[in-house]
Student: 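Starting off with a structure, shown below.
Worth saying up front: this structure is predicted, and the values here are computed from it rather than measured.
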Amino acid sequence: MPKPNPYKPIYSVKKSSKNIFKVQRATQKLSVDSINELCLKLGFSLTMPQLSALYEYVFLLQKWNLSMNLVGKSTWEDIIAELIVDSLHLAKYLYSHPFFAPSTLPFNMQNEKLYSFQYHENEHRFSVWDLGAGAGLPGIPLRILWNQGTYTLVEAREKRALFLNMVCTKLGLENTFVCRDRAENFMAGKKAKLIISRAFMPYEKMLDFVAPYLASQNENGAIIFLTLEKINASKFNTDTFQWNTKNIYTYTVQNKKKYFCEIEKITN
């Protein structure tokens, strides 16, 4: 059963008919079938409920992007092929992870040419933090596909937090919450088993920033960076905290290599 939202709800969303023609142009030819076709080209097969939720997210992203500039002047095709594709690969990676995947899934899925997502019950109670969640990338598409643990999107900017809160509510994402606050305030007194970071701050500053709040190696804690380069975490060791790059997942987007660098905290 989904947990109740532990955070105070953020404002209600007012319906408006403004910019309806701009929205229609921005979402022209956007459909569940077109999203399915593009995902298949990228190497991923989604269920119909997942495709429907992804369609809803992309539609809302394009609609709000007209007034908030959430992802720049991107077409919905570019949003999926260049941005959401990161979430698809990240979900695939987490579903093949020994600690973050349901126990019913084997650790052997990274080399399949066409990866098929299915729905799995949430088997875990660990906390996952997405710091500086922005427009919900990679967090929202990730939660459409991978629903393990309790996932909190932390975003300090009011309008973006409002957008995230509206999307999570509209899509009915299980155990997925939005906290509008600065990351340092949110983390105080808490501990996460997994932290997701996409350009929130430079690696060395990020590791130092989250170190007191991240579960250690003995507790199977990790931080995953979405990067354009491989990270040697030991370069950022201090007298207080030591780090290890546990795994690097490599994939290609638009002929450009990208990486997930999974880093663990060795000692306190």
Student: Spell out, yes or no, whether Y119 and L114 are grouped together once hydrophobic residues are joined by side-chain heavy atoms under 4.5 Å, including indirect joins.
Tutor: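 No; L114 is not reachable from Y119 via cluster members.
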Student: Taking 4.0 angstrom as the limit, do E219 and K193 come out as a salt bridge?
Tutor: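 Answer for the salt bridge query: no.
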Student: Nearest 0.5 Å please: distance from the CZ atom of F177 over to the OG atom of S127.
Tutor: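 Output value for this atom pair is 10.0 Å.
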Student: Quick check: do I140 and C168 have side-chain heavy atoms less than 4.5 Å from each other?
Tutor: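 Yes, their side chains come closer than 4.5 Å.
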Student: Could you work out, with salt bridge (Lys or Arg N to Asp or Glu O under 4.0 Å) as the rule, every residue matching E123, not counting sequence neighbours?
Tutor: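 Per chain and number, E123 pairs via salt bridge (Lys or Arg N to Asp or Glu O under 4.0 Å) with no residue.
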Student: Step by step, would you call E155 with R180 a salt bridge (Lys or Arg N to Asp or Glu O under 4.0 Å)?
Tutor: CA-CA 5 Å; E155 175 55 54; R180 182 194 161 214; over 6 Å; no
Student: Within a strict 4.5 Å, meaning less than it, do heavy atoms of the L90 and W146 side chains meet?
Tutor: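 When only atoms from C-beta onward are counted, W146 and L90 do not touch, as no gap falls below 4.5 Å.
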Student: With sequence neighbours left out, what residues match F260 under ring-ring contact (aromatic ring centres under 6.0 Å, His included)?
Tutor: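 Expected list: Y249, Y251.
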Student: For the residue pair P212 and F241, what are the closest heavy atoms and their distance?
Tutor: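 Closest pair (atom of P212, atom of F241, distance): N-CZ, 4.1 Å.
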Student: Could you tell me which non-hydrogen atom of V154 sits nearest to which non-hydrogen atom of A183, and how far apart they are?
Tutor: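 So the two residues come closest at CG1-CA, 4.1 Å.
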Student: Are I248 and I231 side-chain neighbours, meaning at least one heavy-atom pair lies under 4.5 Å?
Tutor: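 They are not in side-chain contact.
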Student: Tell me, please, which residues at least two apart from N122 pass side chain to side chain donor-acceptor pair (under 3.5 Å).
Tutor: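 In terms of side chain to side chain donor-acceptor pair (under 3.5 Å), with neighbours along the sequence ignored, N122 is linked to no residue.
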Student: To the nearest 0.5 Å, what is the distance between OG1 on T240 and NZ on K265?
Tutor: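 Going from the OG1 atom of T240 to the NZ atom of K265 covers 11.0 Å.
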Student: So, taking the atom named CG in N218 and the one named CD1 in I266, what distance separates them when rounded to the nearest 0.5 Å?
Tutor: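 It is 10.5 Å, given to the nearest 0.5 Å.
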Student: For W243, enumerate each residue passing the ring-ring contact (aromatic ring centres under 6.0 Å, His included) test, keeping only those at least two apart in sequence or located in another chain.
Tutor: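 So W243 forms no ring-ring contact (aromatic ring centres under 6.0 Å, His included) with any residue.
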Student: First locate atom CD1 of I35, then atom CD of Q50, and finally report the distance between them rounded to the nearest 0.5 Å.
Tutor: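 Here the rounded value is 12.5 Å.
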Student: Counting N and O atoms only, with roles assigned by atom type, does the side chain of T252 sit under 3.5 Å from a partner on the main chain of N255, one being a donor and the other an acceptor?
Tutor: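 Not confirmed, T252 side chain does not pair with N255 backbone.
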Student: Report the residues that fulfil side chain to side chain donor-acceptor pair (under 3.5 Å) with Y57, sequence neighbours left out, ordered by chain and then residue number.
Tutor: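 Checked Y57 against side chain to side chain donor-acceptor pair (under 3.5 Å); zero matches.
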Student: Any side-chain heavy atom of F44 within less than 4.5 Å of one from L46?
Tutor: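 Result yes, sub-4.5 Å side-chain heavy-atom pair found.
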Student: Would you sort out whether L226 and K258 count as a side-chain contact (heavy atoms from CB on, under 4.5 Å), showing the intermediate values?
Tutor: CA-CA 8 Å; L226 284 69; K258 289 189 173 184; over 6 Å; no
Student: Quick one: closest heavy-atom pair of A135 and L70, and the distance?
Tutor: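 Shortest heavy-atom separation between A135 and L70 comes out as CB-CB, 3.9 Å.
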Student: With R198, which residues qualify under salt bridge (Lys or Arg N to Asp or Glu O under 4.0 Å), at least two apart?
Tutor: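 Salt bridge (Lys or Arg N to Asp or Glu O under 4.0 Å) list for R198, sorted by chain: D86.
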Student: Could you give me the CA-CA distance, side-chain angles and deciding distance for E262 and T245, then say whether side-chain contact (heavy atoms from CB on, under 4.5 Å) is met?
Tutor: CA-CA 6 Å; E262 182 181 347; T245 301; over 6 Å; no
Student: Measure the shortest side-chain to side-chain distance between I84 and L54 over non-hydrogen atoms and say whether it is less than 4.5 angstrom.
Tutor: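 Of all side-chain heavy-atom pairs linking L54 with I84, at least one is under 4.5 Å.
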Student: Can the ring centroids of W129 and F186 be said to lie less than 6.0 angstrom from one another?
Tutor: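 Yes, ring centres under 6.0 Å apart.
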Student: Within the distance-only criterion (no hydrogens, no angle test), does the side chain of Q148 pair as donor or acceptor with the backbone N or O of E121 below 3.5 angstrom?
Tutor: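 Side chain of Q148 to backbone of E121, a donor-acceptor pair under 3.5 Å: yes, one is there.
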Student: State the CG-CE distance between D181 and M187, to the nearest 0.5 angstrom.
Tutor: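 Those atoms lie 10.5 Å apart.
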Student: Excluding sequence neighbours, so at least two apart, what forms ring-ring contact (aromatic ring centres under 6.0 Å, His included) with Y55?
Tutor: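 So Y55 forms no ring-ring contact (aromatic ring centres under 6.0 Å, His included) with any residue.
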Student: Got a sec, which residues hit salt bridge (Lys or Arg N to Asp or Glu O under 4.0 Å) with K41, two or more places apart in sequence or on another chain?
Tutor: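 Salt bridge (Lys or Arg N to Asp or Glu O under 4.0 Å) list for K41, sorted by chain: E37.
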Student: Residues in ring-ring contact (aromatic ring centres under 6.0 Å, His included) with Y259, at least two apart?
Tutor: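 Partners of Y259 under the ring-ring contact (aromatic ring centres under 6.0 Å, His included) test: none.
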Student: May I ask you to check whether H89 and Y115 place their ring centers less than 6.0 Å from one another?
Tutor: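 Between Y115 and H89, which both carry aromatic rings, the centre distance is not below 6.0 Å.
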Student: Testing L61, V71, V253, V58 for side chain to side chain contact (heavy atoms under 4.5 Å, CB included) with L83, which one passes?
Tutor: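 When L61, V71, V253, V58 are each tested with L83, the side chain to side chain contact (heavy atoms under 4.5 Å, CB included) holds only for V71.
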Student: Could you give all pairs that pass the side chain to side chain donor-acceptor pair (under 3.5 Å) test and reach residues 222-233, with sequence neighbours left out?
Tutor: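 As it turns out, the side chain to side chain donor-acceptor pair (under 3.5 Å) pairs with a partner in residues 222-233, which skip direct neighbours, are Y203-E229, N232-S234.
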Student: Could you walk me through whether I144 and L171 pass the side-chain contact (heavy atoms from CB on, under 4.5 Å) check?
Tutor: CA-CA 8 Å; I144 291 173; L171 270 58; 3.7 Å; yes
Student: Between the main-chain N or O of T238 and the side-chain N or O of Q242, is there a donor-acceptor pair closer than 3.5 Å?
Tutor: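 A pair under 3.5 Å: yes.
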Student: Check the angle between the aromatic planes of F126 and F100 and answer parallel, tilted or perpendicular using the 30° and 60° thresholds.
Tutor: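 Judged by the thresholds at 30° and 60°, the geometry between F126 and F100 is perpendicular.
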Student: What pairs meet the salt bridge (charged side-chain N to carboxylate O under 4.0 Å, His left out) rule with one or both residues in residues 42-55, with sequence neighbours excluded?
Tutor: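 For residues 42-55: none.
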Student: Determine, stepwise, if the pair K256 / L228 fulfils side-chain contact (heavy atoms from CB on, under 4.5 Å).
Tutor: CA-CA 8 Å; K256 181 186 296 184; L228 297 176; 4.1 Å; yes
Student: Closest heavy-atom contact between L153 and G139?
Tutor: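 Looking at all heavy atoms of both residues, the closest pair is CD2-CA, 4.1 Å.
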Student: Hey, mind stepping through E264 and N244 against side chain to side chain donor-acceptor pair (under 3.5 Å) and telling me if it holds?
Tutor: CA-CA 5 Å; E264 58 186 357; N244 174 55; 2.8 Å; yes
Student: Kindly assign one of parallel, tilted or perpendicular to the pair F99 and H97, based on the angle between their ring planes and the thresholds 30° and 60°.
Tutor: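 The arrangement is tilted - the two ring planes meet at 30° to 60°.
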Student: Closer than 3.5 angstrom, by distance alone: can the side chain of S87 be matched with the main-chain N or O of P138 as a donor-acceptor pair?
Tutor: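 Yes.
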Student: Considering only heavy atoms from C-beta outward, does the side chain of Q62 approach that of N65 to under 4.5 Å?
Tutor: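 They are in contact (side-chain heavy atoms under 4.5 Å apart), so the answer is yes.
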Student: Can you pull the ring-ring contact (aromatic ring centres under 6.0 Å, His included) pairs that have at least one residue in residues 148-168, sequence neighbours excluded?
Tutor: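 Residue pairs with at least one partner in residues 148-168: W64-F163.
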Student: Can you tell if the side chain of Y213 reaches within under 4.5 Å of the side chain of K191, non-hydrogen atoms only?
Tutor: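 The answer is no, as the side chains (C-beta and beyond) never meet within the 4.5 Å cut-off.
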Student: Please give me the minimum heavy-atom distance between A233 and I263, naming the atom from each residue.
Tutor: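 Where A233 meets I263 most closely, the heavy atoms are CB-CG2, 3.6 Å.
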Student: Quick one: closest heavy-atom pair of L214 and A222, and the distance?
Tutor: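 Reported closest heavy-atom pair: CD1-O, 3.4 Å.
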Student: Within this structure, what is the CG-CZ distance for the pair L164 and R160, rounded to the nearest 0.5 Å?
Tutor: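 L164 CG to R160 CZ: 9.5 Å, rounded to 0.5 Å.
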Student: Under a 4.5 Å cut-off applied to non-hydrogen side-chain atoms, are T150 and V128 in contact?
Tutor: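 Counting from C-beta outward, T150 and V128 never come under 4.5 Å.
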